[in-house]
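Reading through the structure tokens given below for one structure.
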Protein chains: 2
Amino acid sequence: MAEEGVSISTDSPVKRPREEEEHSNGVSASTLSSIELEGNKEQPDCISSVIPGWFSEISPMWPGEAHSLKVEKVLFQGKSEYQNVMVFQSSTYGKVLVLDGVIQLTERDECAYQEMITHLPLCSISNPKKVMVIGGGDGGVLREVSRHSSVEHIDICEIDKMVVDVSKQYFPEVAVGYEDPRVNLHIGDGVAFLKAAPEGTYDAIIVDSSDPIGPAQELFEKPFFESVAKALRPGGVVCTQAESIWLHMHIIEDIVTNCRQIFKGSVNYAWTTVPTYPSGVIGFMLCSTEGPPVDFKHPVNSIDANDSHNKSKGPLKFYNPEIHTAAFCLPSFAKKVIERKSN
Amino acid sequence: MAEEGVSISTDSPVKRPREEEEHSNGVSASTLSSIELEGNKEQPDCISSVIPGWFSEISPMWPGEAHSLKVEKVLFQGKSEYQNVMVFQSSTYGKVLVLDGVIQLTERDECAYQEMITHLPLCSISNPKKVMVIGGGDGGVLREVSRHSSVEHIDICEIDKMVVDVSKQYFPEVAVGYEDPRVNLHIGDGVAFLKAAPEGTYDAIIVDSSDPIGPAQELFEKPFFESVAKALRPGGVVCTQAESIWLHMHIIEDIVTNCRQIFKGSVNYAWTTVPTYPSGVIGFMLCSTEGPPVDFKHPVNSIDANDSHNKSKGPLKFYNPEIHTAAFCLPSFAKKVIERKSN
């Protein structure tokens, strides 16, 4: 459930705080012309996030800035048990999936996130066989995991069925991941699912979460990382979405501190570019459990372009072994904080 | 001079095209409350780019998207012979310099751009002595060049004196570069300046230009690159601002094609993260002339943290040798295009 702090713009693409609204020109949301909707028409709270022509992303997670995309058409709006779900056709980024007012993926740049969050961990170990995905209901991470021919079994635990259904309907090239027979979909709480998993089950766990405000909050906390460590085999790997070095060094510091206590193999931070994420970058915590050592910076496992599992999905657009290694090189301001915490 | 295609938002943080404005709710710019100005109050065309509370960046260079920053106070607005110049205090990115409606730097993230555009070329050769900066009127590149104790002479040719003056007044930590006695400021056309430079003068030329719409247009064209090559010594290096792999692959393709024809040493593309630039990244073309070979990917020159030239400026915030090498690793979609052009 989204916290109340997540405000959605109601009268302007960029939200002004309350005190400023009192001095505004009196234009209220109701004077804005409506836009054509194909989805649920009974969600005024959702609709308000889209003003005529544009969608703007506002959050207390990145105060004082907003990224906006021009909307061609809103294709879906709904309110699940957990969050507001919206899909729109943008004019220059393809279709866009929005949860609680925050962009989760666009067709134009989703390759960067999905390929990096998946192949950074899976190319760092030989022959991953059992893989767990927490979150990632859109299916993009599944699409990438299923490029690996060594993989025999993929569990995915997504809390919100609406995300899965919406992705299958509007993002077939992302949700194609669900078509792989190795995939087992569990709708439910990823925290509980992992807690119940037998010890040492997985070679790799990928945590494709939204921000720590809302349903994903627990996925940034210590008890969850403890469950992850327990569910991994010795020398198993985890990759979790870990926010932006430009915006969230305090969150990253906490995650690094927690991981350093829990994961006795190695603890690393990597990052990549995603234009439609705040500040244009997103990071990943990559950790391994005690056991055969994992050198995340030098991939040992490659993706066979000619493998049948891979071929049907088209070639990788973003990931390659060089960008894998480069992703672990940090700007000095981030390196200083992260390496202090890691040592 | 800015082309007419560069539209500045007049009634909303995100500009709607004319045809949509006809169907809008009739709210005109004149109904928006004004904001406090300290600078020139007689520039309605400039003022219109800032609506109450926020600045939004709109350009045909990145259609369908806009990045917005919350404005605390507009500190300066002016119209020079070449462009509109604005400085505002943002609520979360420090002071911001805007030329023709496009963000040039913010205090929060300028380190990434200035350090990378400077140290990528200067750390790739031993003992650079004579350095030329084209554009870069804010002085940030000078600040970085002057960290190199081997440098004896720095020419800078900036076309717009207003940029220099405004930077000295509002961005002292950027314009500090001008205080170095090795710096020689020339106000004028960089293209003409370089054309007139004696052959083989410089060890390194840094082209810190704005986008190819406006006064910087010529800096992206072949005759300019020919002047650059002529003004460099054998085995000299150039680094030019070269747009975003996410937004401008067609421009990058053209630049790579031109450079490949002109620079007979090596031709490389590197990139870095800058949150307040469109798509969150900016790239650089790094080329060398025929002569002693230059391996841009492996820096040979380091910055001495204890050198007196360096110490007064504080430590580097972004650049380090690992991120230097990583900057040349490209996502597959960009690599495919750039390496095809380079070979």
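The analysis underlying the following values was restricted to heavy atoms, covering all of them including side chains, and did not include hydrogens, waters or symmetry mates. Fair warning: this is a prediction, and the values are worked out from it, not measured in the lab. Numbers restart at 1 for each chain; the letters A, B, ... are given by sequence-line order, proteins then strands.
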Worksheet item: Does A:Arg108 reach the main-chain N or O of A:Thr92 with its side chain, forming a donor-acceptor pair under 3.5 Å?
Response: yes
Discussion item. Can a donor-acceptor pair be found, under 3.5 Å and without considering hydrogens, that links the side chain of A:Glu322 to the backbone of A:His324?
Written reply: no
Worksheet item: By a 4.5 Å heavy-atom criterion (distance strictly below it), what part of B:Ser90 contacts chain A: side chain, backbone, both, or neither?
Response: neither
Worksheet item: What about the rings of A:Tyr113 and A:Phe318, do their centers lie closer together than 6.0 Å?
Response: no
Practice prompt. Return the option, out of B:Cys111, B:Pro278, B:Gly64, with the maximum number of heavy-atom pairs under 4.5 Å with chain A.
Written response: B:Gly64
Worksheet item: Counting heavy-atom pairs under 4.5 Å to chain A, which of B:Pro275, B:Ala327, B:Pro315, B:Gly280 comes out on top?
Response: B:Pro275
Worksheet entry | Side chains of B:Arg143 and B:Gln114 in contact at under 4.5 Å (non-hydrogen atoms) | yes
Fill in: Residue from B:Trp54, B:Tyr170, B:Phe55 passing ring-ring contact (aromatic ring centres under 6.0 Å, His included) with B:Phe88
B:Phe55
Does any heavy atom of chain B fall under 4.5 Å from the side chain of [X], the backbone, both, or neither of them?
X	result
A:Leu330	backbone
A:Leu316	backbone
A:Ser279	both
A:Trp271	side chain
A:Tyr319	backbone

Fill in: With sequence neighbours excluded, residues passing ring pair (Phe, Tyr, Trp, His ring centres under 6.0 Å) with A:Phe171
none
